[in-house]
S.K.: 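Below you will find the structure I want to go over with you.
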There are 2 protein chains.
Amino acid sequence: MPSRPSQRVTIKDLAREMGVSVATIARAFHPEADIAVATRAAVLRLAAERGYQPDALARSMITGRTRIVGVVVADLENPFYPMVLASLSAALQPAGFNTMLVVAEAGGPVDPALRLLLSYRPEYAIILATNLTTEATRTCAAAQVPLLYFNRAPLDTDARAVVCDNLGGAGSLARHMIAGGMRHPAFISGRADTSTNQERHEGFRTACEAAGLTVREEAAQSFTYAAGQQAARRLLSSGERPDGIMGASDILALGAVDVATREFGLQIPRDLMVAGFDDIPMSAWPAHDLTTVQQPVTAMVERTLAWIRDEPCEGGTLRLPARLIIRGTTRTEPAAERTCNDMKEERA
Amino acid sequence: MPSRPSQRVTIKDLAREMGVSVATIARAFHPEADIAVATRAAVLRLAAERGYQPDALARSMITGRTRIVGVVVADLENPFYPMVLASLSAALQPAGFNTMLVVAEAGGPVDPALRLLLSYRPEYAIILATNLTTEATRTCAAAQVPLLYFNRAPLDTDARAVVCDNLGGAGSLARHMIAGGMRHPAFISGRADTSTNQERHEGFRTACEAAGLTVREEAAQSFTYAAGQQAARRLLSSGERPDGIMGASDILALGAVDVATREFGLQIPRDLMVAGFDDIPMSAWPAHDLTTVQQPVTAMVERTLAWIRDEPCEGGTLRLPARLIIRGTTRTEPAAERTCNDMKEERA
DNA sequence: CTGAAAGCGCTTACAG
DNA sequence: CTGAAAGCGCTTACAG
């Protein structure tokens, strides 16, 4: 066994050791290259032995293909994003792409991070985030990196985006809650400058107004559990209490449920219905059992990969259907018609 | 306004346009380089105008510094990891590093992903994960990339690692539960091949045995909510029920609480105490209010950055203290001495 | 099937 | 303070 070299082994080292040109070594690593079967085998054998692996950076410089997909994520605190990140990254890898991740502060400036990211020449950029100005679109355009917004409908119509039908989803949720007897709807907003918030709010409000109901809005300011709690506190301690609350996202709704039951002693869904949007894993936990609108994450990730594969497709926003998931925090029929023994027994 | 070039602008383009050498352009971007103040200003102005930015790949090839930190994460489903990832990435960025993320399947092979990652020549690799063989250590050593295990004590003692005091943390948790009256302890294991699981189990068991108690172990097989539920089902439907359960992680404990209260009608902490480890955000939610052992994530991330800064420090495992967080799922004193009105009122 | 050579976009001694 | 030149580790026409 030879002594381990102190420097990383390069293509030259291998060429020298085998007495062939560097071109031959390079060819062994390209399936489509013209090279003798035996030569390739010998090269690969020695490469494995020496721990040689072509340098992706050097390769990228020539081919112009870095196989890097840059992902900007702004809010890892909201469990929806880790979920998407895991799914996205898992789909990217078999397609031969690596994920370069930049974490931006929620609501903070994304551009410095984006620029740093772009200096690595990602082949594509995906923005997995909340509020972003059109600055990002321009920055990527200048760097000639195709950009996709995920879960955000950008203001610029020529940008590409994959989102779910927030409007329709929130609308069907509203109708479900109205059928359950909601008379005084309220909506807890997260960040007001996000398209998800705006669309969900509008979908909810439009459906409520169609039924003659006025929606009260309470601004939570951020998509966090604590913000949902605070918004619910304000909502429930005011004069006329809502009897149905939609959170702009699950994490807000979960905070609201908590305050309603624990601090205001309300029975859910009897005294108050609560629902969210996203369908994060916690919403399905029996302890929460939150009615929500499910984002079709798998389909959204699939579309993202399709976009990467057939880049030439034109811009625009792709909107996938969302699905209403009815769980225990909303009623199917008005509470007045129910009897008391609907209450869950806590004892075995 | 000049027409936008169809190709990305390079150092040559700028040099040609300004009538200077490429070296001059390059110098403008290096604070320590010898260059006239006026020249630098002019270069930077034109660069901004043309959207020029030095190519990080080309730069990396020469300097040998890619400013990339490769992170392998194996279990984004467990909320502990997104939390760490956000914290780590946020700390890395101001230090001038970008995060290259590889998501490996929990329990799956990590080596192919790691190799791909290494081809980008990260300056450091961080493994944020559960079960990894010493293969990763060898792979990184061959590529000459310093590797750090985060939240995992590697088998090879010469590898570097930052972990928390799982043993001590689990021990103090056990003593707290014993003081609360636990007589029949049980431990829900996640993946048995992880150091976190092994150390927490051992810490819990040792402390229990010191008090003359035998710990029953139930294998959940994975660190997920569903696995925690299933383990609790087996644990509680057997002949002699435990009166205290520690989950190897919060996510397991949360699943166990759920089954205990909802399916077995147990009152927590009166009939059964449950606790976890990690202190993920959900554990602090009032709906869960889970007693747990907090990992010092901030301190762990700080130590990781210190390691990156002063690389020459030798290997070994750095073990940071963990903190017991007592919440509502455990008792401070035995249940027998309590009265019935300790039960929480659910009405206002 | 293989090699010599140019070149990707930069950085960095070395002169001047 | 600036430029010419070598070179980082590869890939890829172009010959042969």
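Naming convention: chains lettered A, B, ... in sequence-line order (proteins, then strands); numbering from 1 in each chain.
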S.K.: Closest to the A/A58 side chain: C/dC10, D/dG9, D/dG3?
M.R.: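 Nearest listed nucleotide: D/dG9.
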
S.K.: Within a strict 4.5 Å, meaning less than it, do heavy atoms of the B/R152 and B/T194 side chains meet?
M.R.: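 No, too far: nothing below the 4.5 Å cut-off.
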
S.K.: What is the separation between atom CZ on A/R65 and atom P on D/dT12, rounded to the nearest whole Å?
M.R.: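 Taking atom P of D/dT12 as the reference, CZ of A/R65 is at 11 Å.
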
S.K.: What is the pairing partner of D/dA4, taking Watson-Crick or G-U wobble pairs with both distances under 3.5 Å in any strand?
M.R.: none

S.K.: Quick one: is C/dG3 close enough that its OP1 or OP2 comes under 4.0 Å of any side-chain N or O from A/T24?
M.R.: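 Yes, A/T24 has a side-chain N/O under 4.0 Å of OP1/OP2 on C/dG3.
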
S.K.: Using a cut-off of strictly less than 4.0 Å, decide whether B/R59 has a side-chain nitrogen or oxygen near OP1 or OP2 of C/dT11.
M.R.: yes

S.K.: Can you tell me how far C1' of D/dA13 sits from CG of A/D34, to the nearest Å?
M.R.: 13 Å

S.K.: Given D/dG9, D/dT2, C/dC10, identify the nucleotide with an atom nearest to the side chain of B/I62.
M.R.: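 Comparing D/dG9, D/dT2, C/dC10 against the side chain of B/I62, the answer is C/dC10.
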
S.K.: Identify which nucleotide among D/dT2, D/dG9, D/dC10 has an atom closest to any side-chain atom of B/I35, counting heavy atoms from C-beta outward.
M.R.: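 Looking only at heavy atoms from C-beta outward on B/I35, the closest nucleotide is D/dT2.
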
S.K.: Among C/dC10, C/dT2, D/dA4, which nucleotide has an atom closest to any side-chain atom of B/P54?
M.R.: C/dC10

S.K.: Count the heavy atoms belonging to other residues, nucleotides or ligands that lie under 6.0 Å from CZ of B/R303, then report whether that count exceeds 12.
M.R.: no

S.K.: Would you say C/dG9 has OP1 or OP2 under 4.0 Å from some side-chain N or O of A/Y120?
M.R.: no

S.K.: Take atom CD1 of A/I11 and atom P of C/dA4, then tell me their distance rounded to the nearest Å.
M.R.: 14 Å

S.K.: Counting side-chain heavy atoms from CB outward, which of D/dG9, D/dT2, C/dG3 is closest to A/M61?
M.R.: D/dG9

S.K.: Output the rounded distance in Å from CZ (B/R67) to P (C/dT11).
M.R.: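 So the two atoms are 14 Å apart, to the nearest Å.
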
S.K.: Base, sugar-phosphate or nothing for B/D55? Non-hydrogen atoms, less than 4.0 Å.
M.R.: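 Sugar-phosphate contact only - B/D55 comes under 4.0 Å of backbone atoms but never of a base.
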
S.K.: Which of these nucleotides, C/dG3, D/dG3, D/dC10, is closest to any side-chain atom of B/A23?
M.R.: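 Output: D/dG3.
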
S.K.: Is B/T39 near enough to D/dC1 that one of its side-chain N or O atoms lies under 4.0 angstrom from OP1 or OP2?
M.R.: no

S.K.: Just wondering, do A/Y52 and A/L46 contact through their side chains at under 4.5 Å, heavy atoms?
M.R.: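 Contact flag for A/L46/A/Y52 side chains = no.
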
S.K.: Decide whether A/T304 and A/Y124 meet the rule of one side-chain donor and one side-chain acceptor closer than 3.5 Å.
M.R.: no

S.K.: Does C/dA13 have a Watson-Crick or wobble mate here (both distances under 3.5 Å), and if so which one?
M.R.: none

S.K.: Please give, in whole Å, the distance from C/dC10 C1' to B/L57 CG?
M.R.: 11 Å

S.K.: What integer distance in Å separates A/I25:CD1 from C/dC1:C1'?
M.R.: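 Going from CD1 in A/I25 over to C1' in C/dC1 covers 14 Å.
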
S.K.: Considering every strand and a 4.0 Å limit on heavy-atom distances, what is the contact class for B/A26: base, sugar-phosphate, or nothing?
M.R.: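 Base contact.
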
S.K.: Can you find a heavy atom in the side chain of B/V22 that is under 4.5 Å from one in the side chain of B/K12?
M.R.: yes

S.K.: I'd like to check A/R160 versus A/L148 (side-chain heavy atoms, cut-off strictly below 4.5 Å). Are they in contact?
M.R.: yes

S.K.: Using atom CD of B/E32 as one end and atom P of C/dA13 as the other, report the distance to the nearest whole Å.
M.R.: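 Computing the B/E32:CD to C/dA13:P distance gives 11 Å.
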
S.K.: Starting at NZ of B/K12 and ending at P of C/dA6, how long is that distance when rounded to a whole Å?
M.R.: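 Value for this atom pair: 14 Å.
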
S.K.: Yes or no on side chain to side chain donor-acceptor pair (under 3.5 Å) for B/Y120 and B/S60, after CA distance, side-chain angles and deciding distance?
M.R.: CA-CA 10 Å; B/Y120 288 93; B/S60 299; over 6 Å; no

S.K.: Can you figure out which of C/dT11, D/dA4, D/dT11 approaches the side chain of A/H30 most closely?
M.R.: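 The answer is D/dT11.
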
S.K.: For D/dC10, take OP1 and OP2 only and decide whether either is under 4.0 Å from a side-chain N or O of A/T63.
M.R.: no

S.K.: For the base of D/dG3, is there a side-chain donor-acceptor partner from B/R27 under 3.5 Å away?
M.R.: yes

S.K.: Just checking B/F29: base, sugar-phosphate only, or nothing, at a heavy-atom cut-off of under 4.0 Å?
M.R.: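 Nothing: the residue B/F29, judged by heavy atoms under 4.0 Å, touches no strand.
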
S.K.: Could you check A/R40 against A/V22 and say which one's nearest nucleotide on DNA chain C is further toward the 5' end?
M.R.: A/R40

